[in-house]
Amino acid sequence: MEETEFWELVDASREAAEGDPEEQADALVERLMGLDPDTVTDFARHFESRYNRAYTWDLWAAAAVMLDGATDDVFDYFRCWLIGQGREVFEGALHDPDHLAELVADFDEEVDGDAEELGYAADEAYERMTGTVMPDLGLPAAPREPLGTYLDFDDDDTLAERFPRLWDRFRA
């Protein structure tokens, strides 16, 4: 599976679900079930590699600003949600997390920012197709610690300075 096909599946599932993260996961499972198991495994590799790339202190702090706090689990689900927003939002956020203030037009804290089920979509499709768990993806181990420089999520002054656009939109 090429990267373009990966993002097309993500975009198509988001559009089918009209942006609802839970419905997007269901739509993605259905789309993946129309593929062969090897392609579903390739999709999982693409997803996991992006999930690991998004394990940064800056993105975690941005999630904390947007969601008014972000535990380990909340940040895990946020990274799944971020991938689910598509290539432009994902790559833009990696390049400059503060840019999420403009990249995400509508954001409902009760619904958005949490797409845990999206992280399991490929596994679910694979298991339903084959009756077995997905094989090891053969990817390098996930980073033990977030990449980049640590940020104190409880230091409002630092967060406001580092993410002025997010701070103005979500906390001011």
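Note that these values count all heavy atoms, side chains included, but never hydrogens, waters or copies made by symmetry. Index from 1, following the sequence.
- For Asp76, the side chain to side chain contact (heavy atoms under 4.5 Å, CB included) partners are Tyr51, Asp73, Arg79, not counting sequence neighbours.
- Side-chain contact check for Glu8 versus Glu2: every heavy-atom pair is 4.5 Å or farther apart.
- Leu151 and Arg162 make their closest contact through CD1-CG, 4.3 Å (heavy atoms, listed as atom of the first residue, atom of the second, distance).
- The shortest distance between side-chain heavy atoms of Val29 and Tyr120 does not fall below 4.5 Å.
- Residues satisfying the side chain to side chain contact (heavy atoms under 4.5 Å, CB included) criterion with Ala16, sequence neighbours excluded, are Ala27, Arg31.
- Looking at Arg169 and Leu166, their side chains never come closer than 4.5 Å, going by heavy atoms from C-beta outward.
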Can you give me every donor-acceptor pair (side chain of residues 81-88, partner residue at least two apart or in another chain, under 3.5 Å) with its distance?
| from | atom 1 | to | atom 2 | distance (Å) |
| --- | --- | --- | --- | --- |
| Gln85 | NE2 | Trp81 | O | 3.4 |
| Arg87 | NH2 | Glu3 | OE1 | 3.2 |
| Arg87 | NH2 | Glu3 | OE2 | 3.4 |

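- Here the side chains of Asp98 and Pro164 are in contact, with some heavy-atom distance below 4.5 Å.
- Ring-plane geometry between Phe6 and Phe47 is classed as perpendicular, the angle between the planes exceeding 60 degrees on a 0 to 90 degree scale with a lower cut at 30.
- The main-chain N or O of Met1 is found under 3.5 Å from a side-chain atom of His46 such that the two form a donor-acceptor pair.
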Can you list, pair by pair, the side-chain donor-acceptor contacts under 3.5 Å of residues 131-145, counting residues two or more places apart and other chains?
| from | atom 1 | to | atom 2 | distance (Å) |
| --- | --- | --- | --- | --- |
| Thr132 | OG1 | Thr130 | OG1 | 2.9 |
| Asp136 | OD2 | Gly138 | N | 2.9 |

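- For the pair Trp57 (side chain) and Leu147 (backbone), a donor-acceptor distance under 3.5 Å is absent.
- A side-chain N or O of Asp36 and one of Thr39 form a donor-acceptor pair less than 3.5 Å apart.
- Looking at Arg14 and Asp20, no side-chain N of the basic residue comes within less than 4.0 Å of a carboxylate O on the acidic one, giving no salt bridge.
- Side-chain rings of Trp7 and Phe90 approach one another, their centers coming within less than 6.0 Å.
- Partners of Asp157 under the side chain to side chain contact (heavy atoms under 4.5 Å, CB included) rule, at least two apart in sequence or in another chain, are Asp155.
- Between Asp168 and Arg165, no side-chain nitrogen of the basic residue sits less than 4.0 Å from a carboxylate oxygen of the acidic one, so the salt-bridge criterion is not met.
- Phe170 CZ: more than 12 foreign heavy atoms inside a 6.0 Å radius.
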Tabulate below the donor-acceptor pairs under 3.5 Å that side-chain atoms of residues 103-117 make, not counting sequence neighbours, or state none.
| from | atom 1 | to | atom 2 | distance (Å) |
| --- | --- | --- | --- | --- |
| Asp108 | OD1 | Glu110 | N | 2.9 |
| Asp112 | OD2 | Asp108 | N | 2.8 |
| Asp114 | OD1 | Glu116 | N | 3.3 |
| Glu116 | OE2 | Tyr77 | OH | 3.4 |

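- Judged by the 6.0 Å distance and 45° axis criteria, Arg171 is not positioned over the aromatic ring of Phe163.
- Counting heavy atoms from C-beta outward, Leu59 and Pro97 have side chains that approach closer than 4.5 Å.
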### Derivation of the salt bridge (charged side-chain N to carboxylate O under 4.0 Å, His left out) call for Arg50 and Glu91
CA-CA 10 Å; Arg50 279 148 191 81; Glu91 295 293 342; 5.2 Å; no

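- Here the closest non-hydrogen pair linking Asp123 and Gly119 is OD2-O, 4.0 Å.
- Heavy-atom minimum distance, Leu100 versus Ala62: CD1-CB, 4.4 Å.
- The closest side-chain heavy-atom distance from Leu35 to Tyr126 is not below 4.5 Å.
- Under the 4.5 Å side-chain criterion, counting only non-hydrogen atoms from C-beta, Met33 is in contact with Arg128.
- Annotation for Leu32 and Ala125: closest pair CB-CB, 3.7 Å, computed over non-hydrogen atoms.
- Within 6.0 Å of the CD atom in Glu22, the count of heavy atoms belonging to other residues, nucleotides or ligands does not exceed 12.
- Here the closest heavy-atom approach between residue Leu9 and residue Phe43 is recorded as CD1-CD1, 3.9 Å.
- The shortest distance between side-chain heavy atoms of Tyr55 and Phe75 falls below 4.5 Å.
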